[in-house]
Amino acid sequence: MPDSHLDLLGNLQRTHMCGTLRAGDAGRSVTLMGWVNRRRDLGNLVFIDLRDRTGIVQIVFDKESNPSLHEKASGLRSEYVIAAVGTVKKRDTPTVNKNVATGEIEIIAEELRLLNDSKTPPFSPSEEAISNEELRLKYRYLDMRRPEMQANIELRSRVSLAIRQELSKRGFLEIETPFMTRSTPEGARDYLVPSRVYPGSFYALPQSPQLFKQILMISGFDKYFQIVRCFRDEDLRADRQPEFTQIDLEMSFPSQERVFEVVEEFLVAAFRQAGIELKPPFPRMKYDDAMRQYGSDKPDLRLPPMSDVRAAFTEENLNALTLDPLLPVVAVRIPKVGELSRKERDDNKQLWSARPGAKLIDDLKRLEKSFPEAVNKLRSMSGAENEDLIVVVGGGVSEDRSPIAMRKAAEAVYASAGAFRLALAQKYKDRHGAFKKTQSAKDYRFLWVTDFPMFEYDDKEGRWNAAHHPFTSPHEEDFGKLLSDPGAVRALAYDIVLNGTELGSGSIRIHRQDIQKQIFNALGLSDEEARSRFGFFLEALEYGTPPHGGIALGLDRIVMILAGADSLREVIPFPKTAKAVDLMVDAPTPVSAAQLRELGIAVKP
RNA sequence: GGGGACGUAGUUCAGUUGGUUAGAACGCUGCCCUGUCACGGCAGAGGCCGCGGGUUCGAGUCCCGUCGUCCCCGCCA
């Protein structure tokens, strides 16, 4: 027998949503359904705040006018699910609540059905803040009843719809690609799925649909997109989950600029969902300039760039500072920091972490004592204001002055200075104010970073690796350097960056089999190895592959930024913890020996 | 793989130099209350101090280990 204290829904139909009722609805008869957010029991008068996805509305139960209904309402508790039939009444002026959207009205109850009760929840969805994430994730269904989470998930839905509409309008087809596919040994670690039919063989979950979307271009689908889950078995961060969603797209016959245009168009549509009107085109910056000016391939444009101030120093100055005159001397400028005590200046040095070769010199205030002339020149070169903190970074003298070593050392100077710039910027964010969250479009500093290097040298392995991925096309004029000078080959690869966060990454791909072969050779892959890893793809390239290119953007990160959240977990309904555990369903779990045996996987003794 | 922070009531937290019976607020239960909206008042229940070991006459507090959550580095073509 079912519980007798619960009422049946019967043929009762919901007529309105709680949060949508206004003074204009006064006199209307409504049927509402939702959760008891709060009960305020004044004895002979009971107020119930009823909550659904749209908000909260107050329902009044008066003992005098309906004793049995009032009695029933007194028995309601937090998170009970009810249906209430009643009449919307405009509140008397003194009882209006300006803090609630529906505060000008209330519902005079005529019927109440208790559809379900609830255990006392471990935390209340009506609470303002809940800090224990472990609990939130375990009881995710309660957490997601909170208005903040409801808003985030709704925003996510609207953003992805807007992007779909925009891309669809531009002639893109959304085409699905497999989740059970082939392991590719390059890149991130794969999540593997064992094959029962072929013991010892595994499918891999895709890190991205890269090769499939290229195959779709070969198939003539011309403009493809997919809002698609990707999987990477690497350690997590606040902005990294093992499964995440990408806005993945690919086009045939595009220029790099055409790809940028498409992305800018759908980002405008996406940001409009959060009330932000972006103004493309976004600025573009070459990778080399990004590294020199920001010491990063994802520059945060909200603060001024670094400047090379080597010319401010004489040869003697550099000797006195034991700096290599062939290496850059970089001034890092953080605006509006103001006067600092000696202790604060020392503390700042704690934030410095040098890559080999880079050397923190000091801040300007201190340099001034020993090198007054250099500092004078430097000030005018870097455009410094009085309140700005300026710190100077250079390259130490080392024995190995080969071109490769010098290039590495220069990179180290820029990269260390760039990291220091961000650390200082974070520390003094309350002073310069550039990192404040706001709703204005001008605070979203987008940037296209272009002309990435094609290859990166791996010291440990002693060989060249693809900086982006091995299907990225080099600049046509750099084709000749593929084998002679791989380090100088520029790729038609690009990133889109927002306020120092990488939102997406793409490239114009290789469509010619001969070039693809050369790239594999440059990467030290023999024809045989290339065949065994990517044979199906190399074969496909031989059947009339059009020039093509595309990009993939992280949807989770975009929504996180639009929601003003600090973690992807705030915008993913069912996220995983830092150790890749789902606390709600308790995954992963061991499986039975029988299951393992069936899959041909050895059982641990 | 490495570094850091945290773990005490359902929840958020306090807990002094190691010393009687481990506290507060919110929540919960009961009673009172007709205009509340974080309702209010009175009363009450509620604790493996994450877990294991050690030091000590005595451990929430000190030490070692372990587990969990979060942040960062490595890693993420």
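Protein chains get the first letters and strands the later ones, always in sequence-line order, with residue 1 at the start of each.
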(request) For B/G2 and B/C75, measure between their C1' atoms and round to the nearest Å. (result) 12 Å
(request) Report yes if the side chains of A/Arg229 and A/Phe244 come closer than 4.5 Å at any heavy-atom pair, otherwise no. (result) no
(message) Heavy atoms only, 4.0 Å cut-off, all strands: where does A/Glu134 land among base, sugar-phosphate and nothing?
(response) sugar-phosphate
(message) When both hydrogen-bonding distances must be under 3.5 Å and the geometry is Watson-Crick or G-U wobble, what is B/G18 paired with, if anything?
(response) none
(request) Rounded to the nearest angstrom, tell me the gap between atom CG in A/Asp239 and atom C1' in B/C70. (result) 14 Å
(message) Side chain of A/Arg40, heavy atoms from C-beta onward: which of B/C72, B/G35, B/C39 has the nearest atom to it?
(response) B/C39
(request) Apply side-chain contact (heavy atoms from CB on, under 4.5 Å) to the pair A/Tyr203 and A/Thr181, showing each step before the final yes or no. (result) CA-CA 5 Å; A/Tyr203 303 95; A/Thr181 177; over 6 Å; no
(request) State which of B/U11, B/G68, B/C70 makes the closest approach to the side chain of A/Lys579. (result) B/G68
(message) Can you measure A/Lys576 atom NZ to B/U69 atom C1' for me and round it to whole angstrom units?
(response) 16 Å
(message) Does B/C37 have OP1 or OP2 under 4.0 Å away from a side-chain N or O of A/Arg91?
(response) no
(request) Hunt down the Watson-Crick or G-U wobble partner of B/U29, both distances under 3.5 Å, from any strand shown, or write none. (result) B/A43
(request) Would you mind telling me which of B/C75, B/C71, B/U36 lies closest to the side-chain atoms of A/Glu234? (result) B/C75
(message) Can you tell me which nucleotide in B/G35, B/C72, B/A77 comes closest to the side chain of A/Pro470?
(response) B/A77
(request) Name the closest nucleotide to the A/Arg232 side chain, picking from B/U36, B/A77, B/A38. (result) B/A77
(message) If we ignore hydrogens and angles and just use 3.5 Å, is the side chain of A/Arg232 paired with the main-chain N or O of A/Arg189 as donor and acceptor?
(response) no
(request) If B/U69 has a Watson-Crick or G-U wobble mate with both distances under 3.5 Å, name it; if not, just say none. (result) B/A5
(message) Distance check, C1' atoms only: B/C70 and B/G18, in whole angstrom units.
(response) 30 Å
(request) On RNA chain B, check which nucleotide each of A/Lys63 and A/Thr95 is closest to and give me the residue with the more 5' one. (result) A/Lys63
(request) Could you tell me whether the phosphate oxygens of B/C76, OP1 or OP2, come under 4.0 Å of any side-chain nitrogen or oxygen in A/Arg557? (result) no
(message) Before you tell me yes or no, could you show the steps for A/Arg38 and A/Arg40 under side-chain contact (heavy atoms from CB on, under 4.5 Å), namely the whole-Å CA-CA distance, both residues' side-chain angles and the distance that decides it to 0.1 Å?
(response) CA-CA 7 Å; A/Arg38 258 171 219 276; A/Arg40 288 180 296 281; 4.2 Å; yes
(message) Closest approach to the side chain of A/Leu45, judged atom by atom: which nucleotide of B/U69, B/C71, B/G35 is it?
(response) B/G35
(request) Using the C1' atoms only, state how far B/C62 lies from B/G74, rounded to an integer number of Å. (result) 34 Å
(request) In whole angstrom, give the distance that lies between atom CD of A/Gln207 and atom P of B/A77. (result) 7 Å
(message) Say we look at B/C31 and B/G15: how far apart would their P atoms be, to the nearest angstrom?
(response) 38 Å
(request) Encode nucleotides 24-33 of chain B as B, S and - characters from 5' to 3', where the letter depends on protein heavy atoms closer than 4.0 Å: B to the base, S only to sugar-phosphate, - to neither. (result) ----SSS--B
(request) Just name whichever nucleotide pairs with B/A24, Watson-Crick or G-U, keeping both distances under 3.5 Å, else none. (result) B/U12
(message) Strictly below 4.0 Å, N to O, side chains only: are A/Glu502 and A/Arg557 in salt-bridge contact?
(response) no
(message) Could you check whether A/Phe471 and A/Phe537 have their ring centres less than 6.0 Å apart?
(response) yes
(request) Describe, in one word, how the ring planes of A/Tyr139 and A/Tyr141 are oriented to each other, choosing from parallel (under 30°), tilted (30 to 60°) and perpendicular (over 60°). (result) perpendicular
(request) For B/C49, give its Watson-Crick or G-U wobble partner with both distances under 3.5 Å, or none. (result) none
(request) Return the value, rounded to whole Å, for the distance between atom CG of A/Asn66 and atom P of B/U34. (result) 17 Å
(request) May I ask you to say what A/Phe123 touches in the nucleic acid, namely base, sugar-phosphate or nothing, with a heavy-atom cut-off under 4.0 Å? (result) nothing
(request) Please measure how far the C1' atom in B/C67 lies from the corresponding atom in B/U55, and state the result in whole Å. (result) 23 Å
(message) Applying a 4.0 Å non-hydrogen cut-off, can you work out what A/Glu64 is touching in the nucleic acid: base, sugar-phosphate, or nothing?
(response) base
(message) Applying the Watson-Crick and G-U wobble criteria at under 3.5 Å, what pairs with B/U56? Answer none if nothing qualifies.
(response) none
(message) Heavy atoms from C-beta onward define the side chain here; which of B/C70, B/U34, B/G74 lies closest to that of A/Asp62?
(response) B/U34
(request) Take atom CD of A/Glu71 as the centre, draw a 6.0 Å sphere, and report whether it contains more than 12 heavy atoms from other residues, nucleotides or ligands. (result) no
(message) Rounded to whole Å, how long is the line connecting atom CD of A/Gln210 with atom P of B/A77?
(response) 12 Å
(request) Using the P atom as the reference point in each nucleotide, state the distance between B/G60 and B/G1 in Å, no decimals. (result) 33 Å
(message) Show, in sequence, the C-alpha distance, side-chain angles and deciding distance for A/Met560 and A/Asp239, and conclude whether the side-chain contact (heavy atoms from CB on, under 4.5 Å) test is met.
(response) CA-CA 9 Å; A/Met560 176 173 93; A/Asp239 61 354; 4.3 Å; yes
(request) Specify the separation, in whole Å, of atom CD1 of A/Ile56 and atom P of B/U36. (result) 18 Å
(request) Measure distances between side-chain N and O atoms of A/Asp92 and base N and O atoms of B/G35, and say whether any donor-acceptor pair falls under 3.5 Å. (result) no
(request) Going by the salt bridge (charged side-chain N to carboxylate O under 4.0 Å, His left out) test, name the single residue among A/Lys138, A/Arg569, A/Arg136 that passes it with A/Asp143. (result) A/Arg136
(message) So for A/Glu133 and B/G68, does any side-chain atom that can act as donor or acceptor lie under 3.5 Å from a complementary atom in the base?
(response) no
(message) Between B/A59 and B/C71, how many Å separate the two P atoms, rounded to a whole number?
(response) 36 Å
(message) Checking contacts here: which listed nucleotide (B/G35, B/G74, B/U69) is nearest the side-chain heavy atoms of A/Phe47?
(response) B/G35
(message) So for A/Arg240 and B/C76, does any side-chain atom that can act as donor or acceptor lie under 3.5 Å from a complementary atom in the base?
(response) yes
(message) Any N or O donor-acceptor pair under 3.5 Å from the base of B/U11 to the side chain of A/Asn132?
(response) no
(request) Assign A/Gln241 to base, sugar-phosphate, or nothing according to its heavy-atom contacts below 4.0 angstrom with the strands shown. (result) nothing
(request) Please determine, for the side chain of A/Thr577, which listed nucleotide (B/G10, B/C70, B/G35) has the closest atom? (result) B/C70
(request) By nearest nucleotide on RNA chain B, pick out whichever of A/Ala467 and A/Ala578 is the more 5' one. (result) A/Ala578
(request) Would you check if there is a donor-acceptor pair between the side chains of A/Gln58 and A/Thr102 at a distance under 3.5 Å? (result) no
(request) Round to a whole Å and report the spacing from CG of A/Asp235 to C1' of B/G3. (result) 14 Å
(request) Using the C1' atom on both, measure B/G7 against B/U66 and round to a whole Å. (result) 13 Å
(request) Measure the distance from OH on A/Tyr139 to C1' on B/G10 and round it to the nearest whole Å. (result) 9 Å
